Participant: 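Below is a structure I'd like to ask you about.
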Amino acid sequence: MDLSSLNDNQRLAVTTTEGPVMVMAGAGSGKTRVLTMRIAHLIKDHQVKKDNILAVTFTNKAANEMKERIAKLIDDETDRMWVSTFHSFCSRILRGEITRLGGYTRFFTILDDEDSNKIVKDIMKERNIDENPKKFRDWISRKKNYGNLPKLGPLTLEYFDYVYDEYEKHLKDNNLLDFDDLLLKTIELFENHPIVLDHYQDKFEYILVDEFQDTNEVQYKLLKLLSAKNKNIFVVGDDFQSIYSFRGAKIENIKKFLDEYKNTKLILLEKNYRSTTEILEIANAVIKQNPNQIEKNLTSNDKTGKKPIYKCFENSKVEKGFIIDEIKKLLLDGYKYSDIAIIYRANYVSRGYEDLLLKYQIPYKIYGNISFYSRAEIKDMIAYLKLIVNHDDDFAFLRIVNVPRRKIGPTTISKLTDIKNIQETSLFEAIDVLDNDNLNKFKKLILELSDELNNLKNLPDIIDIICEKTGYFDELKRLNDEEVAIDKINNVKEFKSYIARYKYDGDDPLDSLELLLYDLSLLNENDDKLEEEDAVTLSTYHQVKGLEFGVVFLVALEESIFPSLNVVTDKDIEEERRVFYVGITRAKERLFITSAKTRFLFGKETDMIESRFIKEIDKGFYNTLIKKSDKKKKVLKEPKSKSDSKFSAGDIIQHDKFGFGVVIKTDGENAKVAFKQEFGIKDLNLNHPAIKVIKKKN
DNA sequence: CGCACTAGACTTTTT
DNA sequence: GTCTAGTGCG
């Protein structure tokens with residue numbers, strides 16, 4: 001392997017293959033390169049088998065990216081390599097071994113948060129426990145992961161213990177695992193079945209861990225178990241970028257690792273290949289405020305550029321005007337939309353920026369937001385698929401037994417559940433006993449669908465067949481307004497095309513589908529974002545971790561937003577500061593930081609105070625570009641506002657792209673306009689240059 | 001059983 | 001300002 005493109009420390013990290021190694025990798029210091037090169041190096045230069053390497057990440061996206069990069073380096077397939085998230089690693093192990101734990105089958109279902117919330121809620125409702133189910137669910141997760149609960153009153157505690165037990169029982173009885181269980185059951189498996197542990201300890205000669213600073217106690221324990229024999233464990237992390245402590249991530253694991261793996265080789269990667277010196281100066285100034293961190297000083301590779309800009313604006317409207325102006329200038333400078341990111345602390349401030357880009361017809365994509373796979377229509381499809389593959393999947397059964405409506409209500413279901421419990425069968429089997437017309441029809445339908453699956457030429461076609469046979473689309477159209485229904489139908493179609501893209505290894509359709517379904521429960525929308533469309537990114541800080549952009553706007557740097565209102569302790573503030581640091585270090589060339597004295601929040605104009613983090617940056621490190629004299633010119637290239645009487649409902653307009661449309665509703669300059677069917681109803685700003693009035697009403 | 005209205009929230013959340 | 005979950009009525 002040619003390692004000449006690496007710097008000395010990077011090369012050391014790649015070639016120190018034996019024993020425990022920790023790499024503290026600053027932002028933009030090439031840690032993914034090191035990880036992938038190291039794996040390639042093991043395979044090509046040390047003749048390690050692909051199967052004997054385990055690499056764990058936190059996101060599917062990171063795992064997929066690593067697989068792709070390794071494939072290029074070794075010029076070989078990596079599809080079946082053990083490069084995966086903690087959760088899918090565990091799921092893969094459990095798929096083969098879970099029966100050893102007793103009470104589970106390999107057809108276990110993985111619950112997402114929504115599912116598991118619902119279970120908690122149902123338990124509480126049944127017992128009339130008048131407490132917050134979300135909180136209880138949260139505590140269950142905390143208890144599972146590290147046992148420490150907040151101080152609870154005696155009654156609440158009693159309720160909680162009850163709910164916890166019932167929840168666990170319900171999961172076990174129904175062959176369900178929540179996300180936490182995937183890890184915990186794997187550990188249980190390893191601890192109670194030394195033969196299994198032994199096998200995997202031998203198998204995984206080399207273990208690599210990405211984003212080590214984000215591991216929680218359970219994940220640490222899992223790594224410890226797996227690496228106990230060979231101790232060839234390589235962890236990469238950056239304590240500066242630890243921003244998930246609220247999810248249980250333990251920055252202390254870094255210290256623990258160094259303590260427990262005595263001869264750990266610690267390697268620092270401090271050379272930043274991403275950002276200009278000017279941007280790094282700000283990043284370093286911010287992170288310097290935090291005590292107790294592993295000393296690291298990011299140095300740039302002598303890239304210089306423009307000084308970052310910070311500006312506090314009169315109000316959030318002016319702030320937005322500035323952002324638009326700058327984006328326009330950046331485009332003239334040759335930047336693409338996709339080079340630009342607008343990053344905020346909380347989703348609830350995203351709206352304003354989204355509206356802004358919409359108004360000026362700037363293409364954008366919002367990162368995160370509701371996951372594709374958690375949309376009701378997709379979950380319904382998955383439930384159908386699951387039930388087709390495994391009739392005994394009660395969880396899937398319950399989800400779709402009455403979707404579309406089949407007149408199978410709670411009373412019928414409760415009767416069916418009773419039979420199931422007494423006879424110890426599945427709900428599907430219990431139908432034979434109850435002999436209810438509607439249920440019989442449903443059973444017949446599912447059996448028919450299973451039949452279809454076996455005669456299928458093309459696996460994705462099963463989606464069409466499901467929709468057709470169940471009348472799913474008709475129900476959507478009946479239940480929602482047209483716009484929403486079309487949206488949902490398109491989502492189902494997109495899901496079908498996802499199935500078509502999925503890589504199958506078997507030729508048996510049932511096997512392939514089964515595998516796909518396992519993968520699906522751990523997937524999320526961002527993982528397989530396909531088209532690299534040219535669009536501005538809108539995102540929270542948390543969701544751009546690991547990404548980079550030519551230009552970054554960090555917006556709404558105001559107390560109560562950033563740092564967030566709920567942040568109190570010094571430790572919390574330190575984490576907020578790291579969040580800021582993560583944002584700054586996303587920028588390659590240009591960085592803009594903005595705040596406003598008043599901001600439109602929760603339906604009213606609210607007074608804001610500049611974030612304390614701004615004061616921590618030496619004023620010499622940034623420019624405040626706008627001078628009083630050219631302020632006016634700067635701010636108001638905005639379309640002339642509030643000539644709102646210009647339009648009213650019933651007016652006919654013409655839009656450059658959508659053609660003729662009728663104004664349905666106006667609210668100042670914003671309006672709902674109905675266009676031809678293929679465009680539907682749009683929310684538009686009527687002052688936009690693309691719009692002309694054709695005919696006024698009256 | 002299904003819908004319409006109202007109260008309440010409105011930090012981040014890789015799986 | 002806007003979304004959601006929950007209730008209560010037809």
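Just so it is clear, the model here is predicted, and its values are computed rather than measured. Protein chains get the first letters and strands the later ones, always in sequence-line order, with residue 1 at the start of each. All values below come from the heavy atoms of this structure, side chains included, with hydrogens, waters and symmetry mates left out.
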Participant: Pick from A:Lys571, A:Glu575, A:Gln213, A:Glu252: which one makes a side chain to side chain donor-acceptor pair (under 3.5 Å) with A:Ser245?
Facilitator: A:Glu575

Participant: Does the Lys NZ or Arg CZ of A:Lys185 fall within the cation-pi geometry relative to A:Tyr104 - under 6.0 Å from the ring centre and within 45° of the axis?
Facilitator: no

Participant: Reckon A:Asp113 touches a base, only the sugar-phosphate, or nothing at all at heavy-atom distances under 4.0 Å?
Facilitator: base

Participant: Please give the distance between the P atoms of B:dT12 and C:dA5 as a whole number of Å.
Facilitator: 16 Å

Participant: With sequence neighbours excluded, what pairs up with A:Tyr353 under the ring pair (Phe, Tyr, Trp, His ring centres under 6.0 Å) test?
Facilitator: none

Participant: Can you check nucleotides 8-13 of chain B for protein contacts, nitrogen or oxygen pairs under 3.5 Å, and list what you find?
Facilitator:
| from | atom 1 | to | atom 2 | distance (Å) |
| --- | --- | --- | --- | --- |
| B:dT12 | OP1 | A:Asn347 | N | 2.7 |
| B:dT12 | OP1 | A:Asn347 | ND2 | 3.1 |
| B:dT12 | O4' | A:Arg345 | NH2 | 3.0 |
| B:dT12 | N1 | A:Arg345 | NH2 | 3.3 |
| B:dT12 | O2 | A:Arg345 | NH2 | 2.4 |
| B:dT13 | OP1 | A:Thr540 | OG1 | 3.1 |
| B:dT13 | OP1 | A:Gln543 | OE1 | 3.2 |
| B:dT13 | OP2 | A:Asn347 | ND2 | 3.4 |
| B:dT13 | O2 | A:Arg247 | NE | 3.2 |

Participant: May I have the distance from A:Asp115 (atom CG) to B:dT15 (atom P), rounded to whole angstrom?
Facilitator: 16 Å

Participant: What's the CZ-P distance between A:Phe58 and B:dT14, to the nearest Å?
Facilitator: 12 Å

Participant: Considering only the C1' atoms, how many Å lie between B:dT11 and C:dG6, rounded to the nearest integer?
Facilitator: 24 Å

Participant: Round to the nearest Å and state the distance from A:Glu354 atom CD to C:dG1 atom P.
Facilitator: 17 Å

Participant: Return the nearest nucleotide to the side chain of A:Asp214; candidates are B:dT15, B:dT14, C:dT2.
Facilitator: B:dT14

Participant: Please write out the pairs of protein N or O atoms and N or O atoms of nucleotides 2-5 of chain B separated by less than 3.5 Å, giving the distance to one decimal.
Facilitator:
| from | atom 1 | to | atom 2 | distance (Å) |
| --- | --- | --- | --- | --- |
| B:dG2 | OP1 | A:Arg405 | NE | 3.2 |

Participant: If I take atom CG in residue A:Asn117 and atom P in nucleotide C:dT4, what distance separates them, rounded to the nearest angstrom?
Facilitator: 15 Å

Participant: Looking only at the aromatic ring of each residue, does the gap between the centers of A:Tyr244 and A:Phe58 stay below 6.0 angstrom?
Facilitator: no

Participant: Is A:Gly409 touching bases, backbone alone, or none of the nucleic acid, heavy atoms closer than 4.0 Å?
Facilitator: sugar-phosphate

Participant: Tabulate atom names and distances for all N/O pairs under 3.5 angstrom spanning the protein and nucleotides 6-10 of chain C.
Facilitator:
| from | atom 1 | to | atom 2 | distance (Å) |
| --- | --- | --- | --- | --- |
| C:dG6 | OP2 | A:Lys121 | NZ | 3.1 |

Participant: Indicate, with yes or no, if the rings of A:Tyr159 and A:Phe136 have centres closer together than 6.0 Å.
Facilitator: no

Participant: Just how far, in rounded Å, is P of C:dT4 from CD of A:Glu114?
Facilitator: 11 Å

Participant: May I ask you to decide if the ring planes of A:Phe212 and A:Phe257 are parallel, tilted or perpendicular, using 30° and 60° as cut-offs?
Facilitator: perpendicular

Participant: Looking only at heavy atoms, what is the nearest atom pair of A:Asn60 and A:Thr85, with distance?
Facilitator: N-CG2, 3.4 Å

Participant: What distance do A:Arg577 atom CZ and A:Phe562 atom CZ have between them, rounded to the nearest 0.5 Å?
Facilitator: 10.0 Å

Participant: Roughly how many Å is it from CG in A:Asn132 to P in C:dA5, rounded to a whole number?
Facilitator: 13 Å

Participant: How many whole angstroms separate atom CG of A:Asn216 from atom P of B:dT15?
Facilitator: 14 Å

Participant: Who are the salt bridge (charged side-chain N to carboxylate O under 4.0 Å, His left out) partners of A:Glu65, not counting sequence neighbours?
Facilitator: A:Arg69

Participant: Could you check whether A:Asn347 and A:Ser350, counting side-chain N and O atoms only, form a donor-acceptor pair closer than 3.5 Å?
Facilitator: no

Participant: For residues A:Tyr167 and A:Asp178, is any side-chain donor paired with an opposing acceptor at under 3.5 Å?
Facilitator: yes

Participant: Syn versus anti for B:dT11, judged by chi lying within 90° of 0?
Facilitator: syn

Participant: Just jot down the salt bridge (charged side-chain N to carboxylate O under 4.0 Å, His left out) partners of A:Glu217, sequence neighbours excluded, or say none.
Facilitator: A:Lys250

